[in-house]
Amino acid sequence: MYSEKVMDHFTNPRNVGEMADADGVGTEGNPVCGDMMKIFIKVKDDKITEAKFQTFGCGAAIAVSSIVTEMAQGLTLDEALKITKASLAEALDGLPPQKMHCSNLGADALRKAIEDYKSKQGK
Amino acid sequence: MYSEKVMDHFTNPRNVGEMADADGVGTEGNPVCGDMMKIFIKVKDDKITEAKFQTFGCGAAIAVSSIVTEMAQGLTLDEALKITKASLAEALDGLPPQKMHCSNLGADALRKAIEDYKSKQGK
Amino acid sequence: MKKIYMDHVATNPLHPEVLDAMMPYFKEEYGNPLSLYEAGMNARNAIENARESTASLIHAKSREIIFTASGAESNNFALKGIAYALQNKGKHLIVSKMEHHSVLNTARFLEKQGFAVTYLPLDKYGLVNPADVEKAITDETILISIIHASPEIGTIQPINEIGQIARGKGILMHTDSVSSVGNIPVDVDSLNVDLMSFAAHQFYGPKGAGALYIKEGTRVVPLIYGGIQENGRRAGTENVPAIVGMGKAAELATRDLQKRIDHVKPFRDSIIEHALNIENLFLTGHSEQRLPGHASFIVDFIEGEAMLMLLAGKGIACASGSACSSRALKASPVLISIGIPAHQAQGSVVFTIGEDTSQEDIDYFNETFQAVIKRLREISPFTKGWEGTEDSACTVKK
Amino acid sequence: MKKIYMDHVATNPLHPEVLDAMMPYFKEEYGNPLSLYEAGMNARNAIENARESTASLIHAKSREIIFTASGAESNNFALKGIAYALQNKGKHLIVSKMEHHSVLNTARFLEKQGFAVTYLPLDKYGLVNPADVEKAITDETILISIIHASPEIGTIQPINEIGQIARGKGILMHTDSVSSVGNIPVDVDSLNVDLMSFAAHQFYGPKGAGALYIKEGTRVVPLIYGGIQENGRRAGTENVPAIVGMGKAAELATRDLQKRIDHVKPFRDSIIEHALNIENLFLTGHSEQRLPGHASFIVDFIEGEAMLMLLAGKGIACASGSACSSRALKASPVLISIGIPAHQAQGSVVFTIGEDTSQEDIDYFNETFQAVIKRLREISPFTKGWEGTEDSACTVKK
Ligand SMILES: Cc1ncc(COP(=O)(O)O)c(C=O)c1O
Ligand SMILES: Cc1ncc(COP(=O)(O)O)c(C=O)c1O
């Protein structure tokens, strides 16, 4: 059902955990619906230097969280905002159709984390 | 489905054929219904000395015809009239339920042959 | 004793390659195809491969194939599924008098639920006249269901023409192709049908596996509700080995179809030619438009079940449409519908051959059939005519 | 890698003796059971022997058993068969909120056809209250259908009590015993039921074989119309190997039932005992009135499909009632009906064991389950409570 890449990111998720001193935090989803994703970022010079996540959700949700944090690191905020559901699915070598939309909250959570950072900066 | 006895009488029917000089002939059934039986008897001193048959019908009908002619030979007319569907089925070690009534015309055909003989005798 | 199976239209032996393909799914691969673990996923892939092969056999798309457990289920599903889906559009169905019981009795059930059904007549060869179909159509008509080929008399209907009429009027068309798929080339598009029933055991696949072709975009109400198997259209834990077997059988049938036809057709012709030399015997059904492995006759003055039994005693397995050979004790309605009087219908006998049939079998059969007829005619009170036969309706004596 | 199958409630491996019993019917004995020749008659005898064994397993008479192709078919047959047979008497049915989709969705279909259906509530253990059944009965009620045991939470319903109420009021009672027959003692008489569905693949028999028990004298309208197979109540060329397999599986289940229960029950208890040592985890269903091989839990703060996938990675096959693990993307309605909030229902996980399960398997499982929970909780944003969880209804995002 899942690609090897999904299985890899699900069984060995990168960047797991809380970030006490995050510059931005974004939460998307709701456990009532089966998935909730929390993304923490550190930002320096408009670039994401570090990203971590905590996720409640299915295998796809965890893999998406893992890859979005991996992809975000090193990007400028503007570049990071261009990450989409589609680009995450592509980076994972595809997601099953029913997972495409319901567990693929990574881009939204990242966007919220960036917005959180920006609002804290008063930008 | 059929007992060995039925199969024996069906595959090796006794007393097959027309009897040109019969003392009595009885016909029962209708090819429209799938079975027609014609029984010929010779009678001497109120006893059936010979019985033959011609039958259009299924395996059961042919076996019943065969056994009824065999059983009738040597009986008095009164004894022969006591042959019933049940006694024929019993003599054949049983008949399948659906054949019990629809292809078991032997007793009726024999009765008609006896009646024919009697009416010819003016009795 | 020699054993010659000549009842291929009823059911068929399993092809050894089909059984081989099924075996792993009886053993290692027992997981639930809906599940997320490995054994389940293997089963699911196997089902989808089988769907692909099954679709190919009738030139359909694989998502147009719903697996069922039998031809009868497919027929019930098609008729009820369309009737309930379209009951607000209209409540009239058209079928023919050649339909299998699984269509006829479903039609009768629907009549009890308030639907109207027209039963189209047959000509003496068993053919439905497309003009009759056209005339029967009303504003209320939602489905036309005509059998593709008769298992009793072998006649193949002009489904493409009838389908064209249906399509022209925007009416859905179903065909019961249980006795044709795997035996003659079948293409859902050139037949112009929206639904088609067929069954694996008719082409050396397993019993317990059937399919309904449903043209993309056609809405049907499920017959068997439940889980989301078969895309929510037919519930029940999938019979994985049977489905895999159907797929394999379809693959073999696609590959070997012409070879199989070329194998049985000359044998069928030999049977017919030899039989027609016998007096007071005639072919039932159409002489050209018929299944390639199908020979069916009326033998006057003797009865079908007796023929069956004597032939069985000689190792030959076959069928009959006589009243006594049916458990319902009624002569085949198809024989009556093509105008054969009831007393003659009693002499019905049907021989259907397959890829296992040999020239030697046919030679033995031709000889034996003649001998059996001779023997039963010696016992029969009729020899030259049906003298004394009342032409009355016969009610079954109980 | 170790492979431990813990999804026995979904489907089961075929018992090798069952496969052995089936094999001849794939090979030599392919004849049509309705036919008069030898191969057909052997098949017919085999079917009747299987009917006898299948009847014995539930203490029924063999003529009360109709073979079908699945549990889902049996459920559809029971509900529609009684509804159409008794529609002139009344148009009200009673079911519970624990029913399998094959009952629930059939009930919904019948609602569209003008029937009324009452869906009885469950208590927190999943039990139906017989007093609720009594209250729901009206003059129009024609059928009560309550599942025997839940495949999701293992709870066994008080069918005998409910059956007694039904009988007292002269109302027919059906039970879906698909997950109980072969796993616990089942006796149609002491359960006071008139109809009962069950399936062979639940007790090491083949997929593609189910049965409906219909108490003598009960009139049902067929679901699959056609020929006179199954006494005219279920048409289609019989799936002889599957039926033979069901008979053999029933024979083994009758013989081994107590042994099987004694085998799985201590394992189940060990799973439950070990699991309950884990924090924020609780058992779903009843602790006593439950299937002997069934352990089901809610694990807080993590999601079911993720558990399934990680366990599958460790060779353990199991199930979940979470939204993400179902293709419908909805949390199990049964979990919701027993009062579990939707976010907790996401942490559902179900383990069902069988005669192939060993002590070693259980030890490995207990360890692995704990490790998997620990791992997923490390990833979860929740640790001590459901802070921030909106208690809103969740619509599937498309
Ligand atoms: C309680 C219950 N009813 C019905 C069914 C459907 O049975 P089947 O999958 O054989 O159609 C199942 C599925 O296993 C079940 O657990
Ligand atoms: C034309 C036709 N339709 C339907 C059926 C029923 O198919 P099954 O026996 O697979 O249910 C048959 C039986 O072989 C058939 O010949």
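Values below: every heavy atom of this structure, side chains too, minus hydrogens, waters and symmetry copies. Chain letters run A, B, ... following the sequence lines, proteins first, then strands; residues in each count from 1.
Using a 4.5 Å cut-off between heavy atoms, C:A10 contacts chain D through both its backbone and its side chain. Residue contact with chain D, scored on non-hydrogen atoms closer than 4.5 Å, involves the backbone of C:N12 exclusively. Proximity to chain D (any heavy atom under 4.5 Å) is restricted, for C:S70, to the side chain, taken from C-beta onward. With a 4.5 Å cut-off on non-hydrogen atoms, D:L223 touches chain C through its backbone and its side chain both. Only the side chain of C:Q113 has a heavy atom closer than 4.5 Å to any heavy atom of chain D. Both the backbone and the side chain of C:A72 come within contact range of chain D, judged by heavy atoms closer than 4.5 Å. With a 4.5 angstrom heavy-atom cutoff, C:K27 touches chain D only via side-chain atoms.
No donor-acceptor pair closer than 3.5 Å links the side chain of D:K80 to the backbone N or O of C:I224. Side-chain N or O atoms of C:N76 include one that pairs as donor or acceptor with a backbone N or O of D:Y225 at under 3.5 Å.
Scanning residues 232-240 of chain C against chain D with a 4.5 Å non-hydrogen threshold yields C:R234, C:A235, C:G236, C:T237, C:E238, C:N239, C:V240, sorted by number. Among residues 198-209 of chain D, the residues having any heavy atom closer than 4.5 Å to a heavy atom of chain C are, in sequence order, D:H201, D:K207, D:G208.
The greatest number of non-hydrogen atom pairs below 4.5 Å with chain C, out of D:P13, D:S102, D:S74, is found for D:P13. Ranked by heavy-atom pairs shorter than 4.5 Å toward chain C, the options D:V221, D:I243, D:L308, D:D7 are led by D:D7. Taking C:Q87, C:K3, C:H101, C:M22 one by one and counting their heavy-atom pairs under 4.5 Å with chain D, the maximum is reached by C:H101. Of the listed residues C:P222, C:G227, C:A317, the one with more heavy-atom pairs under 4.5 angstrom with chain D than any other is C:A317.
In D:K91, the NZ atom is crowded: over 12 heavy atoms of neighbouring residues, nucleotides or ligands sit closer than 6.0 Å.
Every residue meeting the ring pair (Phe, Tyr, Trp, His ring centres under 6.0 Å) condition with D:Y84, not counting sequence neighbours, appears here in chain and number order: C:F109. In this structure, the side chain to side chain contact (heavy atoms under 4.5 Å, CB included) partners of C:S179, at least two apart in sequence or on a different chain, are C:V9, C:A149, C:P151, C:L291.
Atom CD of C:E73 sits about 6.0 Å away from atom CD of D:E73, to the nearest 0.5 Å.
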